[in-house]
There are 2 protein chains.
Amino acid sequence: MNVEERIKTSEEIPLERRTIIHIMLVANNINEKLAIALKPFDISIQQFNVLRILRGQNGKPANLSTLNKRMVSKMSNTTRLVDKLILKGYVERHTCPSNRRKVEINITSKGLDRLLKMDDVVSKTETEILDQFSEYELKQLNLLLNQFKL
Amino acid sequence: MNVEERIKTSEEIPLERRTIIHIMLVANNINEKLAIALKPFDISIQQFNVLRILRGQNGKPANLSTLNKRMVSKMSNTTRLVDKLILKGYVERHTCPSNRRKVEINITSKGLDRLLKMDDVVSKTETEILDQFSEYELKQLNLLLNQFKL
DNA sequence: CAATTACATTTGTATATACAAATATTGTAA
DNA sequence: TTACAATATTTGTATATACAAATGTAATTG
């Protein structure tokens, strides 16, 4: 299905507008697929993303602002996102001893364990999403995307 | 800023995962810029999108399921989105006389008028987002994006 | 034509997100 | 050392979104 079919328009869309709509459609589709893949784990993409960041810390605790900076979708309430992960037992939060304004957030062994299982379905989904692309094409795509400001 | 800088990771990201993160980052950034551009009009991107669809109908009313099918981000509550546009006086809703299960939604002249002003800032924003790209590159990008299922 | 199924939208409820204001802590400068 | 500014997080509130159930209408079928 191409862009025009998807949004059911007969009029020609200017190239710039079409490009932006195209990216949005692709991103929404990817989001949807990842959300479905994570659904059995009862976790949102953002929560998954935070768990991955925490694992990447290799035991070194992260504080809220660090998480916020590193998240793919920066959202305005990382506190409550972390609250939910704590409720699930996937992370722990302590106030930072050296600077009591900060908090230190760590992934628990339960969190690591669940994350390992999520990795499988997410990797599989990522592969499915991109299975039409050759390695060369993926590199081309990344090169083009590099021109966007992030 | 590249992907690794943006998410502040030192580890190398596998090409597939990197591509998906890349698209997400770009899409989030575009969303943010468009939302800021539309902010003065006190309207969300989705609401703007619906107004554009209605204008494209050229007077022919649209019903909810049509809107839902054509929206870039399909969302699960087009009723309430339309409610908000009605509240602002940008659209009208009547039950369809030929099939009273359906509703007929039209853009008002006030809606058309506002939309015209929004077009300006949105077009300007779109151009800003894509100003690094040559026409050839935009075409290349669209060709690559075509390989995604929508 | 009564009962059932399908269709189109709306409503209820839970959760998510955005934004601003509040709180708590630390750093700094007169 | 007190007052003020800067930093980090949390909380309040409004709005947005997802999902399921409910409502109302039309079509179908025995």
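First the proteins, then the strands, lettered A, B, ... as listed; each starts at 1.
In the set dA16(C), dT17(D), dT9(C), the nucleotide with an atom closest to the side chain of Ser65(B) is dT9(C). Minimum atom distance to the side chain of Met75(A) is reached by dA18(C), of the listed dT26(C), dT10(D), dA18(C). Of the candidates dA6(D), dT10(C), dT11(C), the closest approach to any side-chain atom of Arg93(B) belongs to dT10(C). Taking every side-chain heavy atom of Asn77(B) into account, dG12(C) is the closest of dG12(C), dT9(D), dT26(C). Side-chain proximity of Thr79(B) to dT11(C), dT9(D), dT25(D): nearest is dT11(C). Taking every side-chain heavy atom of Asn99(B) into account, dA26(D) is the closest of dA8(C), dT9(D), dA26(D).
Remark: P of dA8(D) and CG of Leu67(A) are 13 Å apart, rounded to the nearest angstrom. Rounded to an integer number of Å, the gap from CG of Asn28(A) to P of dT17(D) is 11 Å. Atom P of nucleotide dT9(D) and atom NZ of Lys69(A) are separated by 9 Å, given to the nearest angstrom. When rounded to the nearest whole Å, the span between CD1 of Ile36(A) and P of dA18(D) equals 12 Å. Rounded to whole Å, the distance from CD on Glu32(B) to P on dT17(C) is 15 Å. Put simply, CD1 on Ile45(A) is 18 Å from P on dT15(C), counting in whole angstrom units. When the C1' atom of dT15(D) is taken as reference, atom CG of Asp42(B) falls 11 Å away, rounded to whole Å. The distance between atom NZ of Lys102(B) and atom C1' of dT10(C), rounded to the nearest whole Å, is 17 Å.
With salt bridges taken as basic N to acidic carboxylate O contacts below 4.0 Å, one links Asp83(B) and Arg93(B).
One N or O on the side chain of Lys88(B) and one on the backbone of Asp42(B) form a donor-acceptor pair closer than 3.5 Å.
One donor-acceptor pair, N or O on each side, does fall under 3.5 Å between the base of dT13(D) and the side chain of Arg80(A). Contact of Arg101(B) with dT9(C) (side chain to base): no donor-acceptor pair of N or O atoms is detected under 3.5 Å.
Mapped onto DNA chain C by nearest heavy atom, Ser44(A) and Ser76(B) fall at different nucleotides, with Ser76(B) at the one closer to the 5' end. In terms of position along DNA chain D, the nucleotide closest to Gln47(B) lies nearer the 5' end than the nucleotide closest to the other residue of the pair Lys39(A) and Gln47(B). Each of Asn63(B) and Lys84(A) has a nearest nucleotide on DNA chain C; the 5'-most of these lies closest to Asn63(B).
For the residue pair Glu104(B) / Thr95(B), no side-chain donor-acceptor distance below 3.5 Å is found, with atom types taken as modelled. Using modelled atom types and a 3.5 Å distance limit, the side chains of Asn68(A) and Ser65(A) yield no donor-acceptor pair.
The only option from Glu11(B), Glu12(B), Glu4(B) that meets the salt bridge (Lys or Arg N to Asp or Glu O under 4.0 Å) definition with Arg18(B) turns out to be Glu4(B).
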